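Working notes, structure below.
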Amino acid sequence: MWNDRPIRQGLLIVISGPSGSGKTSVARALCQADASLAYSVSATTRPPRPNETDGVDYDFLPRSEFEDLIQRGGFLEWTKYGDYYYGTLKSTIESTIASGKDLLLEIDVKGAMQVKALSLKCIYIFILPLSFATLKTRLRSRNTESDSELQRRLLTAESEIACVKDYDYCVVNPDNGVEQAVEQIRHIITAERCRIDCSLLDWISQEFSIE
Ligand code: 5GP
C-alpha cells in the first residue's frame, strides 16, 4: 500500500483534457503503476472502437438503459459529448471505496464540474499536449473519428482548454511516451495522500493519544 496508515478516506482523482491529449493512455498507465489506484470504467452509449472491450474500456450501454439510469439517479455525473452519453455510475464509486482503493475518473470538463459541485475529497488534473498542432495531428492519426466528428472534437477542445483554470494541476503529455506525465501525476497523488485532513488527524489522535 501507499502508506501504512490504516484509516484513511479514499481519494478521487479527476483527469480531464481535450480529445487527443493522450489522457486515456496516461490514466491507464497510472493505474498499472500504482496498485492502490483503480480506473473508473465509465458507461457510454458510444459504439466501441475496434480496439475497445466492453467492461474494460467502457460499459457500452444502449441509450434506453443509460436514460433509465439517469432517471433513477444512478450516476455520480454524466454528460452528453457529441451524440453520445457518458457517465460515472455511483455503483462503480461505491465498490471501489469498499475495496479501499483511490479512484481515477477520466471524464470531460462538464462532468468534472458536476463532481466539483458535490464537494468531495478530490483532486483535479488537466492533461495538455505540447501544442494545439500536436493535438490536431494526434486526432487525425488516430483515424477513429469521421471528419465531422474530428472537427467537432477540435472545437470542443478549445472550449475545454479554457476551463483549465478550474483545475488544481496541469500536466503536459509530450509526444515521446506517457512516462513523464505519469511520473508527475504520481508525485501529485503522493503529496495529496499525505495532505493533512480529518481522517489523518483522526488517525494521529488515536494512534498517538492526542486530545
Ligand atoms: P471518447 O469518445 O474519446 O472515449 O471520450 C469522449 C470524451 O468523454 C472524453 O473527453 C472523455 O474524457 C469523456 N468521458 C469518458 N467517460 C466519461 C464519463 O464517465 N463522464 C464524463 N463526464 N465524461 C467522460
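Not measured: the values here are computed from a predicted model. These values consider heavy atoms only, across backbone and side chains, with no hydrogens, waters or symmetry-generated copies.
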Does any part of the side chain of [Y], heavy atoms only, come nearer than 4.5 Å to the side chain of [X], both counted from C-beta?
X	Y	answer
Leu76	Thr92	no
Leu150	Arg140	yes
Tyr39	Thr24	yes
Thr134	Ser131	yes
Leu30	Ile13	no
Leu139	Ser19	yes
Val109	Tyr167	yes

### Task
With Arg152 as the cation and Tyr81 as the aromatic partner, state whether NZ or CZ is under 6.0 Å from the six-membered ring centre and within 45° of the axis.
yes

### Query
Any Lys/Arg nitrogen of Asp166 or Lys116 sitting under 4.0 Å from an Asp/Glu carboxylate oxygen of the other?
no

Under 3.5 Å, sequence neighbours excluded: what are the donor-acceptor pairs made by side chains of residues 172-183?
from	atom 1	to	atom 2	distance (Å)
Asn173	ND2	Ser21	O	2.9
Asp175	OD1	Arg138	NE	3.1
Asp175	OD1	Arg138	NH2	2.9

### Task
Mark yes when over 12 heavy atoms from residues, nucleotides or ligands other than Ile196 sit less than 6.0 Å from its CD1; otherwise mark no.
no

### Task
Can you establish whether the number of heavy atoms outside Gln32 located under 6.0 Å from its atom CD is more than 12?
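Counting neighbours around CD of Gln32, 12 or fewer heavy atoms of other residues, nucleotides or ligands fall under 6.0 Å, so no.
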
#### Entry: hydrophobic_cluster_shared for Leu89 and Leu12, side chain cutoff 4.5 Å
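Different hydrophobic clusters.
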
### Task
Kindly give the heavy-atom pair with the smallest separation between Ser16 and Ile107, and that separation in Å.
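Heavy-atom minimum between the residues: OG-O, 2.8 Å.
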
### Task
For the residue pair Phe66 and Phe75, categorise the inter-ring angle as parallel (less than 30°), tilted (30 to 60°) or perpendicular (more than 60°).
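If you compare the ring of Phe66 with that of Phe75, the planes turn out parallel.
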
### Message
Would you say the ring centers of Tyr58 and Tyr86 fall short of 6.0 Å from each other?
### Response
yes

